[in-house]
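These notes are about the structure you will find just below.
Everything numeric in this text was worked out from a predicted model, so none of it was measured. Below, each value reflects all heavy atoms present in this structure, side chains not excepted, and no hydrogens, waters or symmetry copies. In listed order, ligands and their atoms are each counted from 1.
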Amino acid sequence: MTAHLAPRLTSPEPGWTIEADVIVVGSGIAGLSTAMHARRAGHRVLLVTKAKVDEGSTRWAQGGIAAALADDDSPAEHLADTMVAGAGLCDPDAVRVLAYEGPAAVRRLVSWGAALDVDDAGALSLTREGGHHRNRIAHAGGDATGVEISRALVQAVALDDQIELIEHALVLDLLVDDRGSAQGLTLHVMGEGQRDGVGAALAPVVVLATGGIGQVFAASTNPTVATGDGLALGLRAGAEVADIEFVQFHPTVLWLGSASRGQQPLISEALRGEGAVLLDDSGERFLVPQHPMAELAPRDVVAKAIMRRMRETNRPHVWLDARSFDEQTWQRRFPNILESCRLHDIDPATDLIPVVPAQHYVSGGLLTDVNGRTSIGGLFAVGECACTGVHGANRLASNSLLEGLVFADRIGALLAGGLPPRRDPLPRTTESTLIDPGARDRVQQLMTGNVGVLRTAESMQVAADGISDALRQYSDEPHTAAWETTNVAMVAQVLTTAADLREETRGSHWREDFPDVDDENWRVRIVSRRAHDSSVAISRRKVPR
Ligand SMILES: Cc1cc2nc3c(=O)[nH]c(=O)nc-3n(C[C@H](O)[C@H](O)[C@H](O)COP(=O)(O)OP(=O)(O)OC[C@H]3O[C@@H](n4cnc5c(N)ncnc54)[C@H](O)[C@@H]3O)c2cc1C
């Protein structure tokens, strides 16, 4: 598969300029905490975010945040559990940073005002999730962890008048100096007065904290802002991207019809934990013969079984039967899910719930070292858009919020040592591209249908051909939908190429045509980068042991 990436998006010349010491892009847990740390290091911070400040995956996080905080737990055990989940592709140095620096990072989050749940003795209340051998998941408001973390960090940032926040600011491309180092970026602000339309934000440090890629797929648990912008921006600028083929799919989101796109309501596995079962159209519990734990098998196994059964029966979804729950169980344990169902005219007390797997989390991203540095000078990445190496081939539950916190802290520590020199950015290159927003739906369908839970060389060829066609549907009208569509298509193309190349099944990457782990050939990281001729250069890199 050949890929071609233009060096920038088509956009008007910047009409206004703003300067700072550090620019942070994105206002989820990763961006907000990076902004806090950069301020503590004494820098003037510009925080830009493409919608309202609390929009992003962070506020949707339910389960919690993992860290070895219990007396009977240790960072060494958290490290061991994370390495097992990562299926041979974790970077041990990065996992060590995550596990050993995690407890202090969570305590700092509390000191910034996040009210995590505590027990009667006032100690953090810790629960357990799949893959963890200890109780180490801190949470807030029961299943409203993300809402509370977002609230506390937004408030902390708002209290600091040296952090300037611009909302509705869609970042487009990186600006670099004659040494190829970051010196700012271009952005489009839906504002008024002086900062309206496309402008330039200048700083010798740019931190991308743009979150996930959910909207690259037709159905996702991620909010609409998750269009992979940071990843696409980094790729266009020549930064390295790794592990992008490792995408987690949540087995059960509410099926809202074949035409439904974007963020879909999550139907938590806690329902299956309470006894709900999965049925096909004929009423058969199809997971029972497939795994000893049936509906409580690991997420990947359940998602795969659902997809196979949907294919066999040629149906767009399967069913979740939770009719055995009484009203009290719904009201006490699952009020949000009950509300989601009722909003869509489903009464789960009497009706079966139509469910389908959907994209949930991407383990890879812009490749960084343990201090958040990408392969471009002055350009950092943190949170879900980064690939620090902590997740390897599969993320351990509740490690993603922690990753954002811990590596933001690391970036802050580095910035406390001083900033790189400020230089004038080079004029923008003339070569640019823009894709017609009409192509987005097709790309999303191709990705879900062919590069989703189940992948084969054949299915990925179908996706690659379709995405190449989409990338030729040019637009000459620069606006948000076209910029986002171009990012979605670029990420889809690079992801598909990497997934096709990896001829094995490992972690969250399932190949129907290569069902086994192949350590001899594939215990490597696939790294993609835009070459000078705009082709995508792909290399295999050994994973440190
Ligand atoms: C339903 C759901 C449940 C989850 N549950 C958990 C859980 O229990 N525990 C856990 O650890 N993880 C969980 N996750 C994953 C976790 O929430 C995310 O990985 C994490 O919040 C990502 O944080 P972030 O700061 O990197 O990105 P986000 O919180 O997604 O923030 C990204 C930010 O970047 C901005 N942005 C994007 N593009 C641009 C652009 N071009 N210009 C300007 N701004 C831009 C967005 O507007 C947003 O502000 C869950 C995710 C979902 C969707």
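- Near Gly56, the atoms of ligand 1 lying under 4.0 angstrom from a non-hydrogen atom of the residue are 29 (O), 30 (O).
- Taking every non-hydrogen atom of Gly211 and a distance limit under 4.0 Å, the qualifying atoms of ligand 1 come out as 26 (O), 27 (O), 30 (O), 32 (C).
- Ligand 1 places these atoms under 4.0 Å from at least one heavy atom of Arg395: 10 (C), 12 (N), 13 (C), 14 (N), 15 (C).
- Remark: ligand 1 and Gly63 share an N or O pair separated by less than 3.5 Å (distance only, no angle test).
- Residue contacts with ligand 1: Thr49 is included, with a non-hydrogen atom under 4.0 Å away.
- Here the protein heavy atom with the shortest distance to atom 38 (N) of ligand 1 is Asp229 OD2, 3.5 Å.
- Using a 4.0 Å cut-off between heavy atoms, Ala66 makes no contact with ligand 1 at all.
- Gly404 does not count as a contact of ligand 1, since none of its heavy atoms falls under 4.0 Å from the ligand.
- Heavy-atom distances between Gln263 and ligand 1 stay at or above 4.0 Å for every pair.
- With sequence neighbours excluded, no residue forms a ring-ring contact (aromatic ring centres under 6.0 Å, His included) with His43.
- Counting only heavy atoms of the protein, atom 17 (O) of ligand 1 lies nearest to Ser57 O, 3.5 Å.
- Between Ala61 and ligand 1, not a single N/O pair is under 3.5 Å apart.
- When only non-hydrogen protein atoms are considered, atom 39 (C) of ligand 1 lies nearest to Lys50 CD, 3.6 Å.
- For ligand 1, the polar-atom distance check against Thr58 finds a nitrogen or oxygen pair separated by under 3.5 Å.
- Dense packing is recorded around CD of Gln162, with more than 12 heavy atoms of other residues, nucleotides or ligands lying under 6.0 Å away.
- Distances shorter than 4.0 angstrom do not occur between any heavy atom of Gly230 and any atom of ligand 1.
- Ion pairing between Glu77 and Arg136 fails under the 4.0 Å rule for side-chain N and carboxylate O.
- Taking the six-membered ring where tryptophan is involved, the planes of His250 and His360 are perpendicular, since the angle between them exceeds 60° and thus also 30°.
- Here the heavy atom of the protein found nearest to atom 10 (C) of ligand 1 is Ser400 OG, 3.3 Å.
- For ligand 1, the polar-atom distance check finds no N/O of Tyr361 at less than 3.5 Å from any of the ligand's N/O atoms.
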**Request:** Would you please test Glu384 and Ser57 for side-chain hydrogen bond (donor to acceptor under 3.5 Å, both in side chains) and show each step?
**Result:** CA-CA 9 Å; Glu384 191 167 338; Ser57 289; 4.5 Å; no
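- The shell of residues lying under 4.0 angstrom from ligand 1, judged by heavy atoms, excludes Ala226.
- Closest to atom 42 (N) of ligand 1 among all protein heavy atoms lies Val171 N, 2.9 Å.
- In this structure, the protein non-hydrogen atom closest to atom 9 (N) of ligand 1 is Gly64 O, 2.7 Å.
- The shortest N/O to N/O separation between Asn222 and ligand 1 does not fall below 3.5 Å.
- At least one heavy atom of Ala209 sits less than 4.0 Å from an atom of ligand 1.
- In terms of polar-atom proximity, defined here as any N/O pair under 3.5 Å, Leu401 does make such a contact with ligand 1.
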**Message:** Checking Val97 against Phe407 for the side-chain contact (heavy atoms from CB on, under 4.5 Å) test, could you report, in this order, the C-alpha distance in whole Å, the side-chain angles of both residues, the deciding distance, and whether it holds?
**Reply:** CA-CA 8 Å; Val97 167; Phe407 289 90; 3.9 Å; yes
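- Numbered from 1 in the order shown, with element, the atoms of ligand 1 that lie under 4.0 Å from a heavy atom of Thr221 read 53 (C).
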